[in-house]
Amino acid sequence: MRAHGLAGEIVGHAKSPETRATAVEIGLCDRVCETAAEAVRGADLVVLCVPVGAMGAIAAEIAPHLAVGATITDVGSVKQAVVEAVAPHLPPHVNFIPGHPLAGTEHSGPRSGFASLFVNRWWLLTPLEGNDPAAVQRLRDFLTGLGANVDEMDVQRHDLVLAVVSHTPHLIAYTMVGVADHLRRVTQDEVIKYSASGFRDFTRIAASDPTMWRDVFLTNKEATLDILGRFTEELFMLQRAIRMEDGAFLHDYFTRTRAIRRGIIEAGQDTAAPDFGRGVPPSDKA
Ligand SMILES: NC(=O)c1ccc[n+]([C@@H]2O[C@H](COP(=O)([O-])OP(=O)(O)OC[C@H]3O[C@@H](n4cnc5c(N)ncnc54)[C@H](O)[C@@H]3O)[C@@H](O)[C@H]2O)c1
Ligand SMILES: O=C(O)C(=O)C[C@]1(C(=O)O)C=C[C@@H](O)C=C1
């Protein structure tokens with residue numbers, strides 16, 4: 001916000017004294033407050049940046065202190081659960097416009113932010129019935145000012161799309177690193193030592209914040225289980241093709257996935273949702 005000159009005053013709050021001290025030390029905000037209530041007083045825009053499971057409690061705490069006409073948004077990775085947890089606490093004189101930047105890293109805490117984080121990344125808004133269109137437009141302009149590409153979606157669609165492009169892939173990365181860790185005991189560290197770049201990418205993702213991801217899976221349960229079920233079906237098809245030595249099936253499958261990846265790159269949208277389609281079951285050559 002500061003780099004782009006988007007706010008008169010930036011006021012921050014964090015739960016732990018260490019985080020507040022770091023924020024002061026690195027000059028993250030103009031002012032850092034000890035309570036969330038104090039931080040939101042008189043603010044035009046309030047951005048909730050806590051784990052999804054903590055959004056409701058924070059909303060209850062700040063609600064009585066919000067200025068008339070204030071815009072409240074959030075950055076939670078799941079939207080339906082945040083709407084259900086936050087909206088009931090907020091007074092009618094504010095606009096709650098849920099949001100989600102599709103940008104981040106495996107790092108957490110005040111030292112992990114950088115000014116270009118949102119440049120050319122999607123920022124999804126899931127406006128609610130009754131939102132003032134002028135407030136939505138003001139928020140869109142603000143996010144565009146951060147360099148983000150803004151799109152709107154309804155909450156259910158958001159949670160399904162994110163289960164495909166972010167949540168399930170994270171679960172798969174966590175699982176694969178877990179498998180490698182089990183194997184390490186057998187192979188005496190070679191698995192980690194010689195891990196090539198594909199596996200390194202998995203370990204980066206699997207280093208993400210445990211609290212954040214626990215909350216994502218607990219609050220986007222249905223969509224994640226749906227996508228995980230589909231993933232398992234595809235995996236079984238590939239497993240069967242390997243067992244049956246069905247090279248044609250494997251080649252065809254990998255050709256299609258390569259085309260999807262290339263299509264995303266050519267469209268210049270490497271944050272877009274890939275559609276892996278449905279594979280044809282391998283023929284039984286036995
Ligand atoms: N990291 C990412 O890649 C990423 C990307 C997009 C959206 N998000 C979403 O952003 C939100 C914050 O994630 P982050 O990566 O900035 O995490 P972070 O750990 O850097 O920041 C979270 C903050 O919330 C505070 N907090 C935790 N529990 C709390 C509680 N019960 N009450 C009050 N404060 C509490 C922590 O002290 C910390 O200051 C999450 O909802 C996450 O889903 C994260
Ligand atoms: O690159 C990463 O570290 C991320 O996983 C960022 C990522 C993602 O899945 O793309 C993670 C969670 C979010 O809610 C948004 C972005």
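Numbering of ligands and ligand atoms starts at 1, following listing order. Heavy-atom basis, side chains included; hydrogens, waters and symmetry copies ignored. Numbers here simply count residues along the sequence, with the first being 1.
Under the 4.0 Å distance rule, the nearest protein heavy atom to atom 43 (O) of ligand 1 falls inside the cut-off. When distances from atom 27 (C) of ligand 1 to the protein are checked, a heavy atom turns up under 4.0 Å. Closer than 4.0 Å to atom 14 (P) of ligand 1 lies none of the heavy atoms of the protein. For atom 31 (N) of ligand 1, a protein non-hydrogen atom is found at a distance below 4.0 Å.
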Quiz prompt | Residue pair Arg111, Glu25: steps toward the salt bridge (charged side-chain N to carboxylate O under 4.0 Å, His left out) verdict | solution = CA-CA 10 Å; Arg111 292 189 192 275; Glu25 187 192 325; 3.4 Å; yes
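A donor-acceptor contact shorter than 3.5 Å is absent between the side chain of Asp151 and the backbone of Leu124. With hydrogens and angles ignored, the 3.5 Å screen pairs a side-chain donor or acceptor of Thr168 with a backbone N or O of Ala163. A donor-acceptor pair is defined here as one N or O able to donate and one able to accept, closer than 3.5 Å; no such pair exists between the side chain of Asn131 and the backbone of Val136. A donor-acceptor pair under 3.5 Å is absent between the side-chain atoms of Ser166 and the main chain of Leu162, judged by distance alone. In terms of modelled atom types and a separation under 3.5 Å, the side chain of Asp74 and the main chain of Leu48 share no donor-acceptor contact.
Nearest residue to atom 35 (C) of ligand 1 from Lys15, Glu106, Met55 is Lys15 (criterion: closest heavy atom). Among His170, Met212, His107, the residue whose heavy atom sits closest to atom 2 (C) of ligand 1 is Met212. Of the options Gly99, Gly56, Pro51, Ala14, the smallest heavy-atom separation from atom 39 (O) of ligand 1 is shown by Ala14. Of the listed options Met212, His170, Glu106, His170 places a heavy atom closest to atom 4 (C) of ligand 2. Selection from Ala103, Ala173, Ser77 by nearest heavy atom to atom 16 (C) of ligand 2 gives Ala103.
Both the backbone and the side chain of Ser77 come within 4.0 Å of ligand 1, judged by heavy-atom distances. At a 4.0 Å heavy-atom cut-off, ligand 1 touches Thr105 through the backbone alone. With a 4.0 Å cut-off on non-hydrogen atoms, Ala103 touches ligand 1 through its backbone and not its side chain.
Hydrophobic clustering (ILVMFWY, side-chain heavy atoms < 4.5 Å, transitive): Val155 and Ile97 are in distinct clusters. Placement of Val75 and Leu143 within a single hydrophobic cluster is found when ILVMFWY residues are connected by side-chain heavy-atom separations under 4.5 Å, directly or transitively.
Atoms CG and CG, on Leu139 and Asp132 in that order, are 12.0 Å from each other to the nearest 0.5 Å.
Within a 6.0 Å sphere centred on CZ of Arg204, heavy atoms belonging to other residues, nucleotides or ligands number more than 12. Atom NE2 of His251 sits in a sparse spot, with 12 or fewer heavy atoms from other residues, nucleotides or ligands closer than 6.0 Å. Heavy atoms of other residues, nucleotides or ligands lying less than 6.0 angstrom from CG of Asp44 number 12 at most. Atom CD of Glu34 is surrounded by 12 or fewer heavy atoms from other residues, nucleotides or ligands within 6.0 Å. Atom CZ of Arg41 is surrounded by more than 12 heavy atoms from other residues, nucleotides or ligands within 6.0 Å.
Between Tyr253 and Phe249, the angle of the ring planes lies from 30° to 60°, which puts this pair in the tilted group. In this structure, Trp123 and Phe118 have tilted ring planes: the angle between them lies in the 30° to 60° band.
Within the structure, ligand 1 lacks Pro110 among the residues with a heavy atom less than 4.0 angstrom away. Put simply, no part of Ala57 is less than 4.0 Å from ligand 1, judged by heavy atoms. For His100, the heavy-atom gap to ligand 2 drops under 4.0 angstrom.
From the protein, the heavy atom lying nearest to atom 11 (C) of ligand 1 is Val50 O, 3.5 Å. Summary of contacts: the protein heavy atom closest to atom 19 (O) of ligand 1 is Ser108 CB, 3.5 Å. In terms of protein heavy-atom proximity, atom 23 (C) of ligand 1 is nearest to Cys49 O, 3.6 Å. Scanning all protein heavy atoms for the shortest distance to atom 10 (O) of ligand 1 gives Val75 CG2, 3.3 Å.
Not a single N or O atom of Gly76, backbone or side chain, sits closer than 3.5 Å to an N or O atom of ligand 1. Residue Ala54 has no nitrogen or oxygen atom sitting less than 3.5 Å from a nitrogen or oxygen atom of ligand 1, judged on distance alone.
Proximity to Ser166 (heavy-atom distance under 4.0 Å) selects the following atoms of ligand 2: 8 (C), 9 (O), 11 (C), 12 (C). In summary, the atoms of ligand 1 found under 4.0 Å from a heavy atom of Gly109, numbered by their order in the structure, are 18 (P), 20 (O). Every atom of ligand 2 with a heavy atom of Trp213 under 4.0 Å away is listed here by number and element: 11 (C), 12 (C). Near His100, with a cut-off below 4.0 Å to any heavy atom, the atoms of ligand 1 are 6 (C), 7 (C). Within ligand 1, the atoms closer than 4.0 Å to a non-hydrogen atom of Ile58 are 33 (C), numbered from 1 in the order shown. If you number the atoms of ligand 1 from 1 as listed, the ones under 4.0 Å from a heavy atom of Gly104 come out as 2 (C), 3 (O). Of all the atoms in ligand 1, the ones that sit under 4.0 Å from a non-hydrogen atom of Pro101 are 6 (C). Close approach of ligand 1 to Val52 (heavy-atom distance below 4.0 Å) involves ligand atoms 41 (O). For ligand 2, the atoms sitting less than 4.0 Å from at least one non-hydrogen atom of Arg204 are 1 (O), 2 (C), 3 (O), numbered in the order shown with element in parentheses.
At least one test fails for Arg240 against the ring of Phe236: distance under 6.0 Å to the centre or angle within 45° of the axis.
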